[in-house]
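For the numbers below, each heavy atom of this structure counts, side chains included, while hydrogens, waters and symmetry mates do not. So that the names make sense, note that chain A is the first sequence line, chain B the second, and so on, each numbered from 1.
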There are 2 protein chains.
Amino acid sequence: MTPEKPLRADARRNRARILAAAEEVFAEHGDAASTEEVAARAGVAIGTVFRHFPTKRDLLAAIMKDLRARLVDRAQSLAAEGDPATALFDYFGFLVESSARIGTVVSLLAEEGTSVEPGEQVRALTDRFGEFLEAARDAGTVRPGVRLDEVMALLTATVHGAVAGAWSDDLRHRTVARVLDALRAADGPGTRKPRGTESCAGPSELG
Amino acid sequence: MTPEKPLRADARRNRARILAAAEEVFAEHGDAASTEEVAARAGVAIGTVFRHFPTKRDLLAAIMKDLRARLVDRAQSLAAEGDPATALFDYFGFLVESSARIGTVVSLLAEEGTSVEPGEQVRALTDRFGEFLEAARDAGTVRPGVRLDEVMALLTATVHGAVAGAWSDDLRHRTVARVLDALRAADGPGTRKPRGTESCAGPSELG
DNA sequence: TGAAATTATGAGCCATGACTCATCTTGTCA
DNA sequence: TGACAAGATGAGTCATGGCTCATAATTTCA
């Protein structure tokens, strides 16, 4: 799978610079970013960019792969260390926050027809959510009847909304809280009463 | 405000054709659509398009104005004829459905920095939602504490999600239902029990 | 019906941006 | 250290797409 001969020192350095620059530039301008600007910001000639990534699509694919790897990593550590009852909600929130920081690129994260095919990494991400969802079901922290595709759809929506709309931090937090309320059991995490009390409609006052 | 001399017959006809074609083409390709394709689909030369709309931006602005006018109209009729207690939810659903049908254009509906400034029409839309929200509060159908900016944020998110993700009709309906659950009071519209029963966490099974 | 004005046409102009290639530079390794 | 291969460079090619303008076609109205 990786029988690639080691790169020369400068090549390795340049490749890293290009990836870093590309992540910035694509975050700012999305798909519309120009390869030339990536080269400029990396302090490299255009030809160098194309030597490492034969196509703009390839470059995009590379940074998306990195990005997704980082997101999946976080899921791992949440699965290992976090509270299974709240992992679903924690991870959801984490992804939205990351997206807001990363910007326009995310609009390509889950897309199908466009530039980059999601492939196995997105499947991995979905699988993780599946596990978190099951754990949350066991803990009774999600509403009964919530399906995985709904969770993913809500995630897609929130992420896109956060990127497209220019929400303040505060509004973003409140919106995520609302969305999670839609998933959360009435006495789940975020509301105080232990169980079976009358207050099942109160606002969850986060943010 | 409208002291414009009447257009020649063919000019009026062409203008209409161009608008119709543009709506189609932009719905398919979004901002990336080319003026040439619009012209072709309208059965008109490129020059004609540019005579009517000096800039691609202008063309986009024109169809967005039409679009928004239609959406606001619907709000009017809901305000006039619909049930004030559910108008908020009905209108929310209507907008998402329209967007899904209209496609990529909507990604520009609420955007600020980009191509078209929203202007007063978006304000009108927000105002409508404000009224619906108040009515729903009076009727006790929304959770206490729900703010207008949250409603608009959830709307933006859902619309963008519906356009970006390739959701099935079914998934879209379920997702909208979930989002509305986040806004709905526990015994609001969509759940059956009249009031004060123990079942405040059941899925609202729409779709 | 026959000017005169309005509108339509579409071959180009120009800017942008993805991508190539002949040439020069630099890392590597004996 | 010297020679060779891997890599870097950037001017140039090509395609696309917004937009113009000289010319031709229509509409209008007296």
Side-chain angles (χ1 to χ4, degrees), chain A residues 2-64 104-105 108 113-116, chain B residues 2-64 104-105 108 113-116:
Chain A
T2 34
E4 304 165 0
K5 49 183 66 174
L7 291 173
R8 232 170 60 180
D10 54 345
R12 207 165 41 244
R13 190 182 60 239
N14 281 337
R15 190 189 155 89
R17 278 186 187 166
I18 291 169
L19 278 174
E23 192 164 324
E24 278 184 33
V25 174
F26 281 122
E28 286 170 21
H29 309 301
D31 208 7
S34 77
T35 315
E36 190 159 345
E37 188 175 349
V38 173
R41 196 161 322 182
V44 168
I46 324 176
T48 306
V49 175
F50 281 98
R51 159 168 276 268
H52 287 278
F53 307 94
T55 281
K56 188 187 179 184
R57 200 194 196 76
D58 291 327
L59 176 55
L60 202 45
I63 73 177
M64 299 296 284
T104 332
V105 214
L108 307 169
T114 9
S115 323
V116 183
Chain B
T2 36
E4 304 166 1
K5 51 183 64 176
L7 291 175
R8 234 169 59 177
D10 55 345
R12 207 164 39 244
R13 190 183 59 239
N14 281 338
R15 190 189 156 90
R17 279 185 186 167
I18 292 170
L19 279 174
E23 193 163 323
E24 277 184 35
V25 174
F26 281 123
E28 287 170 22
H29 308 302
D31 208 5
S34 77
T35 315
E36 190 159 347
E37 189 175 349
V38 172
R41 195 161 321 184
V44 167
I46 324 176
T48 306
V49 176
F50 280 98
R51 160 168 277 267
H52 286 278
F53 306 96
T55 282
K56 188 187 178 183
R57 202 196 196 74
D58 291 327
L59 177 54
L60 201 45
I63 74 178
M64 298 297 284
T104 331
V105 213
L108 307 169
T114 9
S115 322
V116 183

Under 3.5 Å, which protein N or O atoms sit close to an N or O of nucleotides 17-21 of chain D? Give each pair with its distance.
unit_1	atom_1	unit_2	atom_2	d
D:dG18	OP1	B:Ala33	O	3.3
D:dG18	OP1	B:Lys56	NZ	3.0
D:dG18	OP2	B:Thr35	N	2.9
D:dG18	OP2	B:Thr35	OG1	3.2
D:dC19	OP2	B:Lys56	N	2.9

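In this structure, A:Phe53 places its CZ atom 15 Å from C1' of D:dA8, rounding to the nearest Å. Rounded to whole Å, atom C1' of C:dA8 lies 14 Å from atom CG of B:Leu7. Straight-line distance from the CZ atom of B:Arg51 to the C1' atom of C:dA5: 11 Å, rounded to whole Å.
Remark: A:Glu36 CD is loosely packed, at most 12 non-hydrogen atoms of other residues, nucleotides or ligands lying under 6.0 Å away.
Exactly one residue among B:Val38, B:Ile63, B:Asn14 makes a side chain to side chain contact (heavy atoms under 4.5 Å, CB included) with B:Leu19. That residue is B:Ile63.
The backbone N or O of B:Asp58 lies less than 3.5 Å from no partner atom in the side chain of B:Thr55, so there is not a single donor-acceptor pair. The backbone N or O of B:Ser34 sits nowhere less than 3.5 Å from a side-chain atom of B:Lys56 that would complete a donor-acceptor pair.
Checking the phosphate oxygens (OP1, OP2) of C:dA8, a side-chain nitrogen or oxygen of B:His52 falls inside 4.0 Å.
To the nearest 0.5 Å, the span separating CG on B:Leu60 from CD on B:Glu23 amounts to 11.0 Å. To the nearest 0.5 Å, atom CD of residue B:Glu24 and atom NE2 of residue B:His29 are 10.0 Å apart.
Pairs passing the salt bridge (Lys or Arg N to Asp or Glu O under 4.0 Å) check and including a residue from residues 10-22 of chain A, sequence neighbours excluded, read A:Arg8-A:Asp10.
Proximity of A:Phe53 to A:Thr35: side-chain heavy atoms (C-beta onward) are nowhere separated by under 4.5 Å.
Contacts between residues 8-22 of chain A and DNA chain C, defined by a heavy-atom separation under 4.0 Å, are made by A:Arg8, A:Ala9, A:Asp10.
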